[in-house]
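Structure first, then comments.
For ligands, and for the atoms within them, numbers begin at 1 and follow the listed sequence. Throughout, numbering of the chain's residues begins at 1 and tracks the sequence.
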Amino acid sequence: MKIVHVASEMFPYMKTGGLADAVGALAGALADRGHETAVFLPGYRRVLEHPDAAGATRRLRLKIELDDTYHTGEVRVFSPRPNLTVYLVVKEEYFDRANPYGTAERDYEDNADRFLFFAKSVVETLRLADLQADIVHAHDWPAALVPLLLRAAERRHGLTLAMRTVFTIHNIAFQGIFPSRVFARTNLPDELNNIDGLEYYNQINFVKGGILFADRVTTVSPRYAQEIQTPEFGCGLDGVVQTRAEDIAGLLNGIDTAVWNPAVDPLLPARYSAVNLAGKAICRAELLRQLKLDPKFAGPVYGMVCRLAEQKGVDLVLANRDFFLRNDCRLIVLGTGEKRYEDALRELAAVAPGKIALCAKLDEAMSHLIEAGADFFLMPSLFEPCGLNQMYSQAYGTIPLVSQVGGLADTVTDADADPDNGTGLSFPATAEGLADGLKRSLALFADKKRLTVVQKRGMDKDFSWSQAAVAYEQLYQDSL
Ligand code: ADP
Ligand code: GLC
């Protein structure tokens with residue numbers, strides 16, 4: 001099949017979260033399975049500086065209409081591996097910036113224009129380069145209008161640009177909501193600016209457009225596919241999602257085992273596997289050393305790696321501060337994001353400097369070291385469409401403590417509730433729930449034999465993308 005992905009992030013070129021990992025790994029897995037795969041990505045500064053993009057060649061010059069003005073840009077292409085082509089939509093004014101969406105304080109003010117330009121550039125490239133896609137697969141709000149813009153362009157030019165379109169919701173909390181005046185910049189017919197179209201409480205909503213106008217809609221775990229049809233998790237779009245209930249599938253992400261595998265991970269000081277965990281102890285000591293904690297510490301080490309956002313349950317961790325202060329344990333948090341959380345965690349670390357460490361930066365190597373060096377991985381998310389770190393933890397023999405939501409519920413079995421199959425500890429997404437999980441983790445840590453069984457069981461699970469890619473392949477084939 002000829003499969004075209006459209007996304008605002010792709011590992012290793014631009015990443016703020018799991019979207020990048022998912023898009024990078026899915027595209028790679030489809031290419032490896034012999035599909036002619038393309039990914040469209042904004043030509044951010046960091047992408048253009050990446051060695052893979054050094055040989056990128058200009059494919060097209062673009063002239064894109066936003067309302068009644070034309071904006072120029074260009075498309076550059078490179079191929080990082082067989083069957084995979086990356087198309088960069090280059091426009092300095094929009095994408096020559098440090099971050100994809102904004103700064104810690106606020107989103108960029110021209111995000112509607114930036115990602116409309118991007119989406120329209122994709123459609124225009126499909127047309128001008130005559131790519132003849134079987135599937136155009138758009139991810140999250142920045143690409144959500146691609147399916148609709150594509151069908152509009154087909155009508156305007158009287159041709160077919162793609163057989164089928166797919167829209168994947170990686171996180172329905174981010175919808176791309178903009179003032180109603182932005183509608184004119186889509187150049188779509190006025191009848192789409194109503195309740196059956198993009199209009200949303202007198203504004204316009206990109207994700208609503210993705211849900212309504214893609215041929216198929218998917219999300220990244222079966223549980224989340226159900227959850228987003230309820231007011232509790234639908235973030236105001238549950239009613240819209242329900243209208244597509246028949247066409248919604250929840251396909252679990254996989255993990256990229258070339259990047260996340262403790263047996264070959266070049267970012268670790270030592271490598272290990274389920275057969276021999278000795279290297280894990282070396283990683284643990286190195287992790288503690290790097291954070292200026294006693295490397296010989298023998299009690300439980302809790303790790304957390306995430307965007308510091310409400311979603312990730314940082315409040316639940318803060319509500320359990322006494323657990324970390326009172327017990328003989330260590331807590332290590334790697335994360336950036338909302339200042340209030342960074343401040344609160346920094347303050348907590350200052351209260352117990354030899355016990356609690358905050359690493360407030362984006363650090364790929366540190367994220368691997370935490371996955372390898374911690375005993376327990378904290379992921380008490382309030383909601384979690386899929387979540388990758390709980391899968392990385394299992395692969396690294398680090399026991400995940402997760403709340404029972406979304407993909408966390410689909411990928412972690414509680415070791416107390418199900419002693420024969422458990423690979424982690426799970427609990428309701430509340431402060432009390434986490435408190436219970438933490439308490440149970442102490443008991444598990446004290447029972448070394450059981451701890452090792454649970455660790456190794458997690459390491460033996462297959463979370464690889466080869467499985468997940470087959471599920472997408474089937475979905476594409478079904479839709480065709
Ligand atoms: P989300 O996409 O909601 O942020 P996921 O669990 O799907 O959550 O993916 C998060 C990804 O981002 C993981 O690969 C995780 O290791 C990475 N990550 C988050 N924060 C950091 C950080 N500060 N440094 C390095 N990697 C990080
Ligand atoms: C989103 C979700 C996360 C998911 C990731 C990749 O960022 O928050 O749960 O794993 O996308 O699909």
Side-chain angles (χ1 to χ4, degrees), residues 5 7-12 14-27 100-101 104 137 139-143 167-175 207 218-225 227-228 233 235 250-256 259-260 265 267 303-314 332-338 341-342 345 357-372 374 377-396 398 400 402-403 405-412 429 463 465 468 471-472:
H5 289 274
S8 55
E9 300 184 26
M10 175 189 187
F11 184 84
M14 174 52 86
K15 165 168 167 173
T16 69
L19 170 68
D21 291 13
V23 170
L26 172 58
Y101 319 112
H137 187 158
H139 300 265
D140 269 356
W141 75 264
F167 174 55
T168 293
I169 303 168
H170 292 262
N171 192 338
I172 206 164
F174 301 107
Q175 299 179 359
V207 163
T218 77
T219 184
V220 286
S221 70
R223 171 81 68 117
Y224 194 62
E227 287 173 344
I228 57 175
F233 292 98
C235 298
L251 308 185
L252 267 184
N253 288 328
I255 68 179
D256 189 337
V259 181
W260 292 97
D265 192 333
L267 297 174
M304 185 163 179
V305 179
C306 64
R307 293 182 284 114
L308 297 179
E310 192 182 6
Q311 173 190 349
K312 300 298 174 178
V314 189
I332 295 165
V333 182
L334 170 66
T336 59
E338 288 179 43
Y341 291 131
E342 216 174 290
L345 288 166
L358 169 68
C359 198
K361 55 180 179 177
L362 277 169
D363 187 336
E364 198 68 27
M366 180 55 77
S367 74
H368 285 242
L369 189 59
I370 292 177
E371 285 293 5
F377 192 90
L378 293 180
M379 219 163 156
S381 307
L382 303 187
F383 64 92
E384 196 60 76
C386 178
L388 297 170
N389 278 300
Q390 81 283 8
M391 295 192 270
Y392 300 154
S393 327
Q394 289 172 81
Y396 280 64
T398 300
V402 303
S403 42
V405 293
L408 301 176
D410 287 334
T411 55
V412 177
F463 288 115
W465 260 105
Y472 277 100

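Against a heavy-atom cut-off of under 4.0 Å, N389 is close to the following atoms of ligand 1: 6 (O), 10 (C), 13 (C), 15 (C), 16 (O). Ligand-side atoms of ligand 1 in range of Y392: 14 (O), range being under 4.0 angstrom from any heavy atom. In the vicinity of V220, heavy-atom distances shorter than 4.0 Å reach the ligand 2 atoms 12 (O). Residue-ligand proximity, G335 to ligand 1, at heavy-atom distances under 4.0 Å covers atoms 23 (N). For ligand 1, the atoms closer than 4.0 angstrom to any heavy atom of D21 are 14 (O). Annotation for ligand 1: atoms under 4.0 Å from non-hydrogen atoms of L362 are 21 (C), 22 (C), 23 (N), 24 (N). Atoms of ligand 1 found under 4.0 Å from any heavy atom of K15, numbered from 1 in the order shown, are 12 (O), 13 (C), 14 (O), 17 (C). Residue contact check: P385 has heavy atoms under 4.0 Å from atoms 2 (C), 8 (O), 9 (O) of ligand 2. Heavy-atom contacts of M379 reach the following atoms of ligand 1: 6 (O) (cutoff under 4.0 Å).
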In sequence, state the C-alpha distance, the side-chain angles, and the governing distance for R307 and E338, and then conclude on salt bridge (Lys or Arg N to Asp or Glu O under 4.0 Å). CA-CA 8 Å; R307 293 182 284 114; E338 288 179 43; over 6 Å; no
Applying ring-ring contact (aromatic ring centres under 6.0 Å, His included) to Y472 and H137, what does each step give before you reach the verdict? CA-CA 10 Å; Y472 277 100; H137 187 158; 5.6 Å; yes
Given the rule in the side-chain contact (heavy atoms from CB on, under 4.5 Å) test, do L408 and S403 qualify, once you have shown the distances and angles that lead to the verdict? CA-CA 7 Å; L408 301 176; S403 42; 3.9 Å; yes
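Of the protein's heavy atoms, H170 O, 3.1 Å lies nearest to atom 2 (C) of ligand 2. Looking only at heavy atoms of the protein, atom 6 (O) of ligand 1 is closest to L388 N, 3.0 Å. Annotation: atom 26 (N) of ligand 1 to nearest protein heavy atom, S367 CB, 3.8 Å. Protein heavy atom in closest approach to atom 3 (C) of ligand 2: E384 OE2, 3.3 Å.
A salt bridge links K312 to E384: at least one charged side-chain nitrogen sits closer than 4.0 Å to a carboxylate oxygen.
Judged by the shortest distance from any of its heavy atoms, C386 lies outside the 4.0 Å radius around the atoms of ligand 1. Taking a 4.0 Å cut-off on heavy atoms, G387 registers as neighbouring ligand 2. The closest approach between any non-hydrogen atom of H170 and ligand 1 is not below 4.0 Å.
Between the side chains of T398 and E371, no donor-acceptor pair is found at a separation under 3.5 Å. A donor-acceptor contact under 3.5 angstrom links the side chains of Y101 and S8, judged on distance only. With no hydrogens or angles considered, a side-chain donor-acceptor pair links Q390 and T411 at under 3.5 Å. A donor-acceptor pair shorter than 3.5 Å cannot be found between the side chains of Y392 and D256. A side-chain donor from one of H368 and D265 sits under 3.5 Å from a side-chain acceptor of the other.
Contacts of C306 with ligand 1, taken as heavy-atom pairs under 4.0 Å, involve the backbone alone. At a 4.0 Å heavy-atom cut-off, ligand 2 does not touch D21 at all. The proximity of N171 to ligand 2, defined as any non-hydrogen pair under 4.0 Å, is limited to the side chain.
What you find for Y341 and A309 is that their closest heavy atoms are CE1-C, 3.6 Å. The two atoms that bring V305 and S367 nearest to each other are CG1-CB, 3.9 Å, heavy atoms only. Taking both residues in full, the closest heavy atoms of F383 and N171 are given as CE1-OD1, 3.3 Å, listed atom of the first, atom of the second, then distance.
Taking only nitrogen or oxygen atoms, main chain and side chain alike, K361 reaches within less than 3.5 Å of ligand 1. Residue R307 has at least one nitrogen or oxygen atom sitting less than 3.5 Å from a nitrogen or oxygen atom of ligand 1, judged on distance alone. At under 3.5 Å, a nitrogen or oxygen of Q311, whether backbone or side chain, sits near a nitrogen or oxygen of ligand 2. Residue K312 places at least one N or O, backbone or side chain, under 3.5 Å from an N or O of ligand 1. On a distance-only criterion, T16 and ligand 1 share no N/O pair closer than 3.5 Å. Checking only distances, C386 does come within under 3.5 Å of ligand 2, N or O to N or O. Residue-to-ligand polar distances place G18 within reach of ligand 1: an N/O pair is separated by less than 3.5 Å. Between V305 and ligand 1, no pair of N/O atoms sits closer than 3.5 Å.
Between L308 and L345 there is a side-chain heavy-atom pair separated by less than 4.5 Å. The shortest distance between side-chain heavy atoms of T16 and P100 falls below 4.5 Å. Side-chain contact between D140 and F174 is absent, with no heavy atoms from C-beta onward closer than 4.5 Å.
Proximity annotation for atom 24 (N) of ligand 1: of N253, N171, V259, D363, D363 comes nearest, heavy atoms only.
Exactly one of L267, D21, L388 qualifies for a side chain to side chain contact (heavy atoms under 4.5 Å, CB included) with W260. That residue is D21.
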